[in-house]
Amino acid sequence: MVQRTFGPYGGQFVSELLMPLIHEVHTAYAQVKDDDEFQNQLSLLFRDYVGRPSPLWHAKRITDDLGGAQIYFKRDELNHTGAHKINNCLGQILLAQRMGKRRIIAETGAGQHGVATATVCALFNIPCTIYMGAKDVARQRPNIMRMTLLGAEIKPVETGNKTLKDAMNEAMRDWAEHAEDTYYLIGTAAGPHPYPTMVRDFQSVIGRELRWQSMEHLGRLPDHLVACLGGGSNALGLFHPFLDDPVAMYGVEAGGSGINTDHHAASLTMGTPGILHGNMTYLLQDDQGQIKNAHSIAAGLDYPGIGPEHAYLKDTGRVHYETATDKEALAAFQYCARMEGILPALEPAHAIAFVQKLAPTLPKDDILVMNLCGRGDKDLLTIADALGIDLS
Amino acid sequence: MKRIPETFARLKRENRAAFIPYLMVGDPDLATTERLLCALADLGCGAIELGLPFSDPVADGPVIQAAGLRALKNPASFSDIFAMIRRFRQKYAHIPLVFMGYANPVYRYGTEMFCNEASHAGVDALLLVDVPMEEQGAFTHPALPLIPLMTPLTPKDRQAAILSSCDPNSFVYLVARVGITGKATALTGTLRILYETAKKQSHVPVVLGFGIKTPHDIAHVATFADGVVMGSAFVNLYARTHPLLMGETLHPDVQVFIEDCCQSTYTFSKKG
Ligand SMILES: Cc1ncc(COP(=O)(O)O)c(C=O)c1O
């Protein structure tokens, strides 16, 4: 059984044309989900290609500085290609290969999912086309270079706000046009069933590792988990294996210029339920049901929706959803760089900003683990720009 | 309520297929839509498909995307749209009007209220592009039947399920090719076989659409189909014609084109 809905959320809201493809993906995934050979193949790729397990780092200087809970980073930024995205891409490319697909398409915001997709497509020798909003193409230039060198075709998307939502629209149109031979490799735990469940399962390697690492190194499970939220895949990957344990969880959305402005991407905090990109979930929308543009300094969080499982976890209260603004994320980026010698991506910098607020309120023997889901190399130009640093 | 079955029955008696133009509601404004609707009804169109604009039309190509953006510049509310349709209905009691759009605006308005008000205003059926059979439950309402889609990729058993669940006061929309709206469709023998396979099992009319561009295309499809939808080609035409309307009269280019389309629906070959 592959979970189809999360309370009222999730589902398969796509055109009839895509239904046979989605059923095909579902059938294929249901077969490999508990298949030892598939899972072993994936585990070996995780170990030898990605470099898993990712370390659990005790961020001592930050811990001392904040004066509360013990802060640990789950270092998925050390993965090959520099983010958690590769975990999901390897799972899906193995699936696409089993399905005999000859062409891969993907959407990308920050370009991390695009880079990870281009990487696995090079490794498995399958051509790929990556859709990316023109605005993101401009602000994530290093990743454009990487994708190009990896052999991907990049299609800048000029419609709408020219960010992740528009890239996803264009990828879905491509899929409809090339329904017969193309596999759509969705980069987050959103979209039509089975993607939200499948992506979550592939990313859950993060939380599963953390369980044994925490037991082995600290002798117990963590008390608090924190992760940033774009579509929600790194957060679910961290949270999911702990949902039945007494562990507090915090998802941090992009607050942009502030959640009381029109410039943010806080779909759970400020949105309402609706239907977009194949699933029912929380969306930023107007009262006529038109989707609003999101805004975030972090291209990977700049999306007006959220994976449907988070919508459910919000309604049940199991996970707390918080926000951090562009400004707070930029400050947290600099803080992490100077305190720990780690340049985080702007996406997890949002999580760090929240950790700065949360940790001091917690007892010193509490264990807080934050998913450091990406490294900051891709963001250097954006950060230089925001901080007024002249790189020329 | 029975405008769809009654219209298709009448057209059948006349050896005609239904010509069904698609236009985007509120493109560029609701007053234009209202006059365009009246002109299309006067010219003898079989039915009219009214596109409801959505910010993220993932099944549509550039022409209909652009039409939606024009409509959303100055968006009409559903209550304005329903009021416009009520006025139209005072003059045109019989021509079927169907909505075609995406799920979210309807969901956000409230499906129950939407269906009741649309039906009351005189809309006959609703096609939600992103609501496949699996999700129809929440959008099924006695007042406003759904129009299901079928495509060349729909497997046989699924076709049968779609056809048998279609409301008798609605019709099935057969998408002529794989892809999004806008590009031309090759009118081949395969298309006819696809159509006839579907039609054989159907208790409701089956209309064909996607990539129909010219009166010539219509004449071809009309030899075997109950109805034929023209979307992007018609949107492109009305959007590029200036002025589209002078008072209540259509620009002669558009008028002649629609007349040709309507004329092309006579299927003399079907006679006897
Ligand atoms: C480093 C990084 N973190 C987070 C995200 C957000 O995605 P998700 O919420 O699915 O983890 C992205 C997306 O591009 C990313 O590149």
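Every chain is numbered from 1 and lettered A, B, ... according to where its sequence line falls, protein lines coming before strand lines. Predicted model only: the values in this text are computed from it and were never measured.
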Rounding to 0.5 Å, atoms CZ (Phe13(A)) and OH (Tyr107(B)) come to a distance of 8.5 Å
Can you tell me which portion of Phe139(B) sits under 4.5 Å from chain A's heavy atoms? Options are side chain, backbone, both or neither. side chain
Measure Val131(B) against the heavy atoms of chain A and call it side chain, backbone, both or neither at under 4.5 Å. both
Closest-packed option against chain B by number of heavy-atom pairs under 4.5 Å, given Leu18(A), Val14(A), Asp166(A), Asp174(A): Val14(A)
Atom group of Met280(A) that falls short of 4.5 Å from chain B, counting heavy atoms: side chain
Rounded to the nearest 0.5 Å, what's the gap from CD on Glu16(A) to CG on Leu174(B)? Could you check? 10.5 Å
Scored by heavy-atom pairs under 4.5 Å with chain A, the best of Lys183(B), Arg177(B), Glu135(B), Met150(B) is Glu135(B)
Calculate, to the nearest 0.5 Å, the distance between atoms CG and CG belonging to Asn169(A) and Asp56(B) respectively. 4.5 Å
Looking at OG1 of Thr151(B) and CG of Leu17(A), how far apart are the two atoms once the value is rounded to the nearest 0.5 Å? 5.0 Å
In terms of heavy-atom proximity below 4.5 Å to chain B, should Leu283(A) be classed as side chain, backbone, both, or neither? side chain
Give the interface residues of residues 153-166 of chain B toward chain A, defined by a heavy-atom separation under 4.5 Å. Leu153(B), Thr154(B), Pro155(B), Arg158(B), Ile162(B)
Counting only heavy atoms not in Arg102(A), do more than 12 sit closer than 6.0 Å to its CZ atom? no
For the pair Asp130(B) (side chain) and Ser15(A) (backbone), establish whether a donor and an acceptor sit closer than 3.5 Å, ignoring hydrogens and angles. no
Report the option among Met172(A), Met19(A), Met168(A), His178(A) that has the most heavy-atom pairs separated by less than 4.5 Å from atoms of chain B. Met19(A)
Most heavy-atom pairs under 4.5 angstrom with chain B, which of Arg4(A), Glu170(A), Gln12(A)? Gln12(A)
Would you say that more than 12 heavy atoms from the other residues, nucleotides or ligands in this model lie under 6.0 Å from the NE2 of His23(A), or not? yes
Cut-off 4.5 Å, heavy atoms of chain B, and the answer for Leu276(A) is side chain
Of all the heavy-atom pairs spanning Gln288(A) and Ser77(B), show the shortest one and how long it is. OE1-CA, 3.7 Å
Taking Pro53(B)'s backbone N and O only, do any of them form a donor-acceptor pair with Gln290(A)'s side chain (distance below 3.5 Å, no angle check)? yes
Distance-minimising heavy-atom pair for Ala176(A) and Val178(B): O-CG1, 2.8 Å
State whether the number of non-hydrogen atoms from other residues, nucleotides or ligands found under 6.0 Å of Tyr312(A) atom OH is greater than 12. no
Check whether Asp286(A) gets within reach of chain B through its side chain, its backbone, both or neither, counting any heavy atom under 4.5 Å. backbone
For the student: nearest non-hydrogen atoms of Val58(B) and Arg173(A), plus distance: O-CG, 3.0 Å
Using every non-hydrogen atom in the two residues, find where Gly289(A) and Phe54(B) come nearest and quote the distance to one decimal. O-CE1, 3.3 Å
Rounded distance [0.5 Å steps], CD in Gln285(A) versus CZ in Arg108(B): 4.5 Å
Does Gly179(B) offer a backbone N or O that forms a donor-acceptor pair with the side chain of Glu177(A) under 3.5 Å? no
Enumerate, atom names and distances included, each donor-acceptor pair closer than 3.5 Å involving a side-chain atom of residues 61-73 of chain B, sequence neighbours excluded.
from	atom 1	to	atom 2	distance (Å)
Gln65(B)	NE2	Asp60(B)	O	2.9
Arg70(B)	NE	Asp27(B)	OD1	2.7
Arg70(B)	NH2	Asp27(B)	OD2	3.0

Where does Pro273(A) contact chain B at under 4.5 Å (heavy atoms): side chain, backbone, both or neither? both
Which heavy-atom pair separates Ile275(A) from Ala103(B) by the least distance, and what is that distance? CD1-CB, 3.8 Å
